[in-house]
Amino acid sequence: MFIYFELGEWCQLKVAKDPSGKEINALAQHLQNLLTGYPFSLREGVPTAVSHGRWLNIPDYDAPTQLVKPRERNSRYVDAVMTIPKGSLFPMCAMNLAFNRELIGPAIYFALTGNGQPIGRYDDMWAGWRVKVVCDHLNLGVKTGLPYVWHNKASNPFVNLKKEYNGLFWQEEIIPFFQSLVLPKECTTAQKCHIELSKQVKEKLGHLHPYFQTLGDAMETWIELWNEFNSPA
């Protein structure tokens with residue numbers, strides 16, 4: 001299993017408290033989410049591959065929403081863990097995330113961002129859209145809700161807008177791409193799904209910008225490295 005908390009200076013995540021004032025053990029809650037099948041209506045359930053935690057205090061909004069809601073704070077603690085329905089995408093934030101490495105690890109791939117890239121702040125969104133499509137195909141569960149962490153610092157919305165600018169336009173095609181994407185039945189593992197996705201990214205999104213050809217190539221390199229470093233000795 002792998003649990004990821006973005007504890008960098010810019011993010012300022014801290015331990016949150018429940019309504020009774022008790023500190024939340026995010027690690028224990030993520031493990032519970034991942035070790036519990038979903039949903040009860042399936043009786044026997046299916047394995048949970050991804051646990052997506054949430055946060056209190058400062059929301060993690062896109063830049064346009066940050067600009068129109070600068071003072072909004074999340075103080076509502078919802079004591080619930082929900083299954084994201086099969087066929088539905090979700091806006092994944094990686095600041096409070098856990099996943100089952102054996103089940104889905106190869107498909108957890110964040111988009112290329114940072115210096116020299118034409119897009120920023122969409123890396124975890126991209127990873128979330130991808131992994132949800134793969135989980136749906138492999139009949140694996142994705143949960144969101146508990147645990148909470150405390151988000152204490154918002155990034156600069158004007159800086160964020162520059163990073164997100166291309167993505168605000170590109171997502172109008174990226175999201176429908178993932179919504180309509182069908183993986184072949186031969187894709188029976190996360191690795192095979194990832195390879196197929198890399199091909200479709202280049203084929204169906206390459207017209208948007210050369211970035212997607214580069215991204216598709218990087219996805220192929222990622223799975224080659226994954227297989228190399230995770231193959232039996």
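Everything quoted here is computed from the prediction, not taken from an experiment.
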So, Q213 and D217: side-chain donor and acceptor under 3.5 Å apart, yes or no?
no

Any donor-acceptor pair under 3.5 Å from H209 side chain to G206 backbone:
no

Heavy-atom closest pair (Q191 atom, P106 atom, distance to 0.1 Å) is CD-CG, 3.6 Å

Scan T48, I108, L140 and name whichever one has a side-chain contact (heavy atoms from CB on, under 4.5 Å) with F99.
I108

Could you tell me whether a side-chain N or O of K143 sits under 3.5 Å from a main-chain N or O of T36, the two making a donor and an acceptor?
yes

So F90 and H52, would you call those rings parallel, tilted or perpendicular, with 30° and 60° as cut-offs?
perpendicular

Ring-plane angle category for W126 and F178, please: parallel below 30°, perpendicular beyond 60°, tilted otherwise.
perpendicular

Compare every heavy atom of L103 with every heavy atom of A190, then report the nearest pair and how far apart it is.
CB-O, 3.8 Å

Taking the side chain from N166 and the backbone from P118, do they hold a donor-acceptor pair closer than 3.5 Å?
yes

Mind running side chain to side chain contact (heavy atoms under 4.5 Å, CB included) on L67 and F158 for me, showing each step along the way?
CA-CA 8 Å; L67 289 169; F158 296 101; 3.7 Å; yes

With side-chain hydrogen bond (donor to acceptor under 3.5 Å, both in side chains) as the test, pick out the partner of Q66 among N160, N156, D60.
N160

Quick one: are L181 and L197 in side-chain contact, heavy atoms under 4.5 Å?
yes

Polar side-chain atom of E164 near backbone of A63 as donor-acceptor pair, under 3.5 Å
yes

Calculate, to the nearest 0.5 Å, the distance between atoms NZ and CH2 belonging to K17 and W150 respectively.
9.5 Å

Counting C-beta onward and ignoring hydrogens, is there a side-chain heavy-atom pair between R73 and I58 closer than 4.5 Å?
yes

The reported gap from NE2 in H30 to CG in L97 (rounded to nearest 0.5 angstrom) is 7.0 Å

Is there a side-chain contact between I104 and V131 (heavy atoms, below 4.5 Å)?
yes

Expected output: side-chain D136 to main-chain K86 donor-acceptor under 3.5 Å
no

Are F177 and V201 close enough that some pair of their side-chain heavy atoms sits under 4.5 Å apart?
yes

As an exercise, state the distance from CD of E220 to CG of L225, rounded to the nearest 0.5 Å.
12.0 Å

Check whether R130 reaches the backbone of A107 with its side chain - one donor and one acceptor, N or O, closer than 3.5 Å.
yes

Geometric class of the H194/Y109 ring pair [parallel <30°, tilted 30-60°, perpendicular >60°]
perpendicular

When hydrophobic residues are tied together by side-chain contacts of less than 4.5 Å, even through go-betweens, does V159 share a cluster with M125?
no

Side chains of V78 and Y148: does their closest heavy-atom pair fall under 4.5 Å?
yes

When rounded to the nearest 0.5 angstrom, what is the spacing between CG in L13 and CG in L56?
11.0 Å

Looking at every heavy atom in both G105 and W222, which two are closest together, and how far apart are they?
O-CZ2, 4.3 Å

Is there a donor-acceptor pair closer than 3.5 Å between any side-chain N or O of H151 and the backbone N or O of K153?
yes

Closest heavy-atom pair, V15 versus I24, reported as atoms and distance to 0.1 Å, is CG1-O, 3.8 Å

Minimal heavy-atom distance between N25 and A28, with the atoms involved, is OD1-N, 3.0 Å

So, taking the atom named OG1 in T214 and the one named NZ in K202, what distance separates them when rounded to the nearest 0.5 Å?
10.0 Å

State, yes or no, whether a side-chain contact exists between P147 and N33 at a heavy-atom distance under 4.5 Å.
yes

Any side-chain heavy atom of I175 sitting closer than 4.5 Å to one from W129?
yes

Taking every heavy atom of M92 against every heavy atom of A127, the minimum-distance pair comes out as CE-CB, 3.8 Å

Between D62 and R121, does any side-chain N to carboxylate O distance fall below 4.0 Å?
no

With ring pair (Phe, Tyr, Trp, His ring centres under 6.0 Å) as the test, would you mind laying out the steps for W170 and Y122 before giving the verdict?
CA-CA 11 Å; W170 293 348; Y122 271 83; 8.7 Å; no

Let me confirm one number: the CE-CZ distance from M82 to R54, rounded to the nearest 0.5 Å.
7.0 Å

Could you check if a side-chain atom of I223 sits within less than 4.5 angstrom of a side-chain atom of S198, using non-hydrogen atoms only?
no

Do Y61 and V68 pass the side chain to side chain contact (heavy atoms under 4.5 Å, CB included) test, and can you show the C-alpha distance, the side-chain angles, and the key distance before you say yes or no?
CA-CA 10 Å; Y61 282 143; V68 299; over 6 Å; no

